[in-house]
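One structure is given below, encoded as structure tokens.
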Amino acid sequence: MVLFAAIFIPTLAMLAFMQLISQRALGEEERALVREVREELLADFESEGTRGLITSIRERVLLDPSGETVLAYVAPDGRVLAGNLAQLPAGLPRTGWLERMQTRPARDEAELARFEVSRLPDGARLVAGHYQSSAEPLRRANTRGLLMAALLAAPLALGLTVMLLRLVERRVSRIARIAEQVGSGDLSQRVASDASGDAFDRLGQALNAMLERIEMLVAELRLVTDGLAHDLRSPITRLQSALEQARTLGGPARLAALDAARSEAVGLHTLLATALQISRAEAGIGRERFQPVPVDAVLADVAEIYGPLAEHQGFSITSESLAGLVLPGHRELIGQALGNLIENALRYATGGTTIRLTGRRVGKVVVLEVSDDGPGIAPERRAEALSRFGRLDPARHIAGSGLGLALVTATARLHGGTVELADARPGLIVRLALPASG
């Protein structure tokens, strides 16, 4: 009903406006005809005087036996000297337009007459006009035409309303069916796109993007659950064993068992904290803490923090960045991601001696690089290394959770960037590309 009213009422208003405009146009045409007659009579008065004006009025009255035209020459004393007005209307002005009910000489009933009064130089007045009934057939035809147009517009508006409602219902029903299937657990469903670019198509594309994001998050949640269940089994078992030893042993052996239990507890805390950080970053939590991050300062801080540890393990760390390079981001997460990359290099870059931190701008992105001169990662294994709990076979014997690169990837996603593993020749280079400011 609302849609029908929204279509029909403007149509009806347009038709009413057309009626008003047509009536005004008809009135203007009538006024123009009256003025034309008045101008001709005034021209006769100027050229031939009073006698010529009276003659011209009498001729026009004779040529109009139906009396549709109103003509009168009124003397200064109010007498009608010529014309078809037997009696002057009451309150006849000296000049201007006037509408009065007037009795036409050829008829008995009174009719509405519209005429214009002009004052002559000698004090007399010239009356020129016509009866409105002469234009009434045209007005009635105009009204009937607009009424027919309104009657035709009503069913057309109703049909258009029904058609639009059915079209909207079909498209909404398709989206609703997809939502029901997704609600029942089938996250693979997608809304079909017709590439029209209209509101429904844009809604479908937005829903598909949301479903893809939900499906990815659910898949990663399952991966996290499975990975945590697998990776927590060994440290929990070791923690239980250490506690058992501490309970049964005494002296230095007990202290060693407690130290082992504490180490396992710290490892478990680190594993869970890292998994939580990854989940928060991938959920978009942390964007409210974005601020301008000076790249050179972050790289220098990370190199200073990890410098002693690297030196202890036989590595040197260098940092280099373009001065004044700034990117909008979460400074702590970016620093931790770089720290994770350094820790990975210290663990797995066997035989290497150098870790390099660099920052540079490439177009609209800032590229942060951490490279080493170790053995690197084969191209076909790099995607596996970036996954959560992804630990390549040679690293299985080394303590770790497999979440280092996963946190780097989550940090890149939070900032709208990407992570790339490449060959440093020799070694591995990890590129973290984040959108630059400005």
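All residue numbers in this chain count up from 1 along the given sequence.
For P294, the side-chain contact (heavy atoms from CB on, under 4.5 Å) partners at least two apart in sequence or on another chain are D296, A297, R331. Here L309 pairs with Y306, Q313, L346 under the side-chain contact (heavy atoms from CB on, under 4.5 Å) rule; sequence neighbours left out. For the side-chain contact (heavy atoms from CB on, under 4.5 Å) test, residues two or more places apart in sequence or in another chain that qualify with R190 are N208, L211, E212, E215. E46 is linked by a side-chain contact (heavy atoms from CB on, under 4.5 Å) to nothing, counting only residues two or more places apart in sequence or in another chain.
To the nearest 0.5 Å, atoms CZ (R119) and CZ (R125) are separated by 8.0 Å. The OH atom of Y348 sits 9.5 Å away from atom CD1 of I377, with the distance rounded to the nearest 0.5 Å. In this structure, CD in E36 is found 11.0 Å from CG in L41, a value given to the nearest 0.5 Å. From L432, atom CG reaches atom CD1 of I334 across 7.5 Å, with rounding to the nearest 0.5 Å. Rounding to the nearest 0.5 angstrom, the gap separating the CZ atom in F45 from the CZ atom in R38 is 14.0 Å. Note: D301 CG to L357 CG = 11.0 Å, rounded to the nearest 0.5 Å.
One side chain, D373 or T353, offers a donor N or O that lies under 3.5 Å from an acceptor on the other. Under the 3.5 Å distance criterion, with hydrogens and angles disregarded, a donor-acceptor pair is assigned to the side chains of R356 and S371.
Screening L428, N344, L341 for a side chain to side chain contact (heavy atoms under 4.5 Å, CB included) involving V370 leaves a single residue, L341.
Across all their heavy atoms, P292 and V326 have their closest contact at CB-CG1, 3.7 Å. The two atoms that bring I355 and A345 nearest to each other are CD1-CB, 3.7 Å, heavy atoms only. Heavy-atom minimum distance, P375 versus T350: CD-O, 3.4 Å. Closest heavy-atom contact between V34 and G129: CG2-CA, 3.8 Å. When all heavy atoms are compared, the tightest approach of V419 to A412 is CG2-CB, 3.5 Å. Between G359 and L325, the closest heavy-atom pair is C-CD2, 4.0 Å.
The backbone N or O of L33 lies less than 3.5 Å from no partner atom in the side chain of R31, so there is not a single donor-acceptor pair.
Atom CD of E40 is surrounded by more than 12 heavy atoms from other residues, nucleotides or ligands within 6.0 Å.
Under the 4.5 Å side-chain criterion, counting only non-hydrogen atoms from C-beta, L126 is in contact with L42. Residues V295 and L368 meet the side-chain proximity criterion, which asks for heavy atoms closer than 4.5 Å. With contacts defined as side-chain heavy-atom distances shorter than 4.5 Å, the pair R177/S173 qualifies. A heavy-atom distance below 4.5 Å is not found between the side chains of R413 and H415. With a 4.5 Å cut-off on side-chain heavy atoms, I178 and L207 do not count as touching.
For residues 426-437, the set of pairs meeting the salt bridge (Lys or Arg N to Asp or Glu O under 4.0 Å) definition, not counting sequence neighbours, comprises E369-R431, E420-R431. Within the structure, salt bridge (Lys or Arg N to Asp or Glu O under 4.0 Å) contacts touching residues 310-327 (residues at least two apart or in different chains) do not occur.
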Could you check V365 against L434 for side-chain contact (heavy atoms from CB on, under 4.5 Å), going step by step and ending with a plain yes or no? CA-CA 5 Å; V365 299; L434 306 179; over 6 Å; no
Test side-chain contact (heavy atoms from CB on, under 4.5 Å) applied to F290 and L327, step by step: CA-CA 10 Å; F290 276 22; L327 64 87; over 6 Å; no
